[in-house]
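A quick write-up on the structure given underneath.
Every heavy atom of this structure was used, including side-chain atoms; hydrogens, water molecules and symmetry mates were not. Numbering of ligands and ligand atoms starts at 1, following listing order.
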Amino acid sequence: MIQLKDKYQIDMIRKSSKILAEMFEEVGSEIKEGISTHEIDRLCESFMKKHHVKGPCKGYMGYPNVSCTSVNDTVIHGIPNKHQILKSGDLLSLDVCIDYEGFISDSTHSYEIGRVDEKVHRFNSIVKKALYEAIDAVSRPSARIQAVAEAVTRVVRPYGYGIIKDYSGHGVGLELHEDPNIYNYVSHFTPNPRIREGMVLAIEPMITMGSNKIYLNDDNWGVITQDGSYGCHWEHTVAITENGLEILTEL
Ligand code: CO
């Protein structure tokens, strides 16, 4: 069931989202060559402590950290690791959720470390563009959820990138994962509800530079490309308000 939110709830999810956006500003400025993914997770967690919010990823189905740090061929759900030191040429997706007084926001940014290959830079730019095109598509009158998949497909297909099919965006706000599922590929077999006022959605293209075939890491979390190609992930929490679509996890 899709849980529509009232004005008060959207206002609280907005507050949660603004704290998350600030976290990306603050932690993002520390992300460079030489830092470990574990240290990045520590920075996220200390930011949360300072702002009296929680990180609901930690403990979610036994997940051990407040952030997912997915490097290079890990597309999503990379577990932070002391021994994983970022180096020039890496692409890091940092996926973080915040719980502010029970209201949840969810966002992902991808960071190019040092000097990355020109192709990797283009890849990251195109996946970010796919996110914004998807957001724009659902903001149109009488749009349906699969407008996301249509927009993502339209943006990434010319480059031959892969679209992950095994994971989706989702409703968010009162819980981390709510209905509806928001897939990034078009299917006639998935529900396609109309976008309505009161919806709060985590829109999140998960894309690979090569084949979309993936496997699960030994830790049972990390989602890794079979062909070793890079993955990239961008995500915003958005709300459909009486004034139209609003990107909440942006300052
Ligand atoms: Co999400």
Side-chain angles (χ1 to χ4, degrees), residues 2-3 5 9-10 13-14 16-21 23-24 27-28 40-41 44 48 53-70 74-80 92-100 102-111 127-128 130-135 137-138 145-149 151-152 163-185 190-191 193 195 199-208 214 216 221-223 231-240 245-250:
I2 298 176
Q3 177 74 52
K5 278 80 177 177
Q9 290 169 323
I10 290 183
I13 302 164
R14 181 185 292 110
S16 172
S17 299
K18 296 306 170 200
I19 297 169
L20 182 53
M23 193 218 72
F24 276 104
V27 174
I40 293 169
D41 185 72
C44 294
M48 291 177 193
V53 297
K54 285 182 270 184
C57 287
K58 193 169 184 166
Y60 180 81
M61 316 240 303
Y63 188 78
N65 292 85
V66 297
S67 67
C68 298
T69 52
S70 307
T74 301
V75 191
I76 53 168
H77 297 171
I79 296 182
L92 164 76
S93 301
L94 177 63
D95 183 354
V96 185
C97 302
I98 274 185
D99 176 337
Y100 165 75
F103 295 90
I104 302 186
S105 53
D106 188 0
S107 183
T108 306
H109 292 226
S110 285
Y111 299 89
V127 177
K128 185 175 185 181
L131 168 61
Y132 282 92
E133 294 276 321
I135 291 171
V138 293
I145 282 292
Q146 282 195 28
V148 168
V152 169
I163 301 175
I164 297 290
K165 292 191 164 183
D166 312 77
Y167 297 85
S168 67
H170 48 92
V172 67
L174 308 180
E175 289 172 74
L176 179 47
H177 287 149
E178 302 177 16
D179 281 341
N181 286 327
I182 308 173
Y183 286 95
N184 292 302
Y185 69 100
T190 54
I195 302 294
M199 284 183 171
V200 178
L201 306 170
I203 298 179
E204 46 180 322
M206 293 162 259
I207 307 296
T208 61
I214 46 106
L216 209 53
W221 278 103
V223 172
C232 186
H233 181 201
W234 280 88
E235 175 179 24
H236 276 309
T237 297
V238 309
I240 314 301
L245 183 144
E246 181 183 336
I247 303 177
L248 298 179
T249 44
E250 224 171 38

Please give me the minimum heavy-atom distance between Val75 and Ile207, naming the atom from each residue. CG1-O, 4.0 Å
Near the Co ion (ligand 1) (protein N/O/S, cut-off 2.8 Å, waters excluded) we have Asp106 OD2, His170 NE2, Glu204 OE2, Glu235 OE2
Among His170, Lys5, Gln3, find the residue that satisfies the side chain to side chain donor-acceptor pair (under 3.5 Å) test when tested with Glu178. Lys5
Can you classify the ring geometry of His236 versus His109 as parallel (below 30°), tilted (30 to 60°) or perpendicular (above 60°)? perpendicular
Lys54 atom NZ: more than 12 heavy-atom contacts under 6.0 Å: no
Closest non-hydrogen atom pair, Trp221 against Ile79: CD1-CD1, 3.6 Å
Looking at every non-hydrogen atom in both residues, tell me the closest pair between Val138 and Ile195 and how far apart they are. O-CG2, 3.8 Å
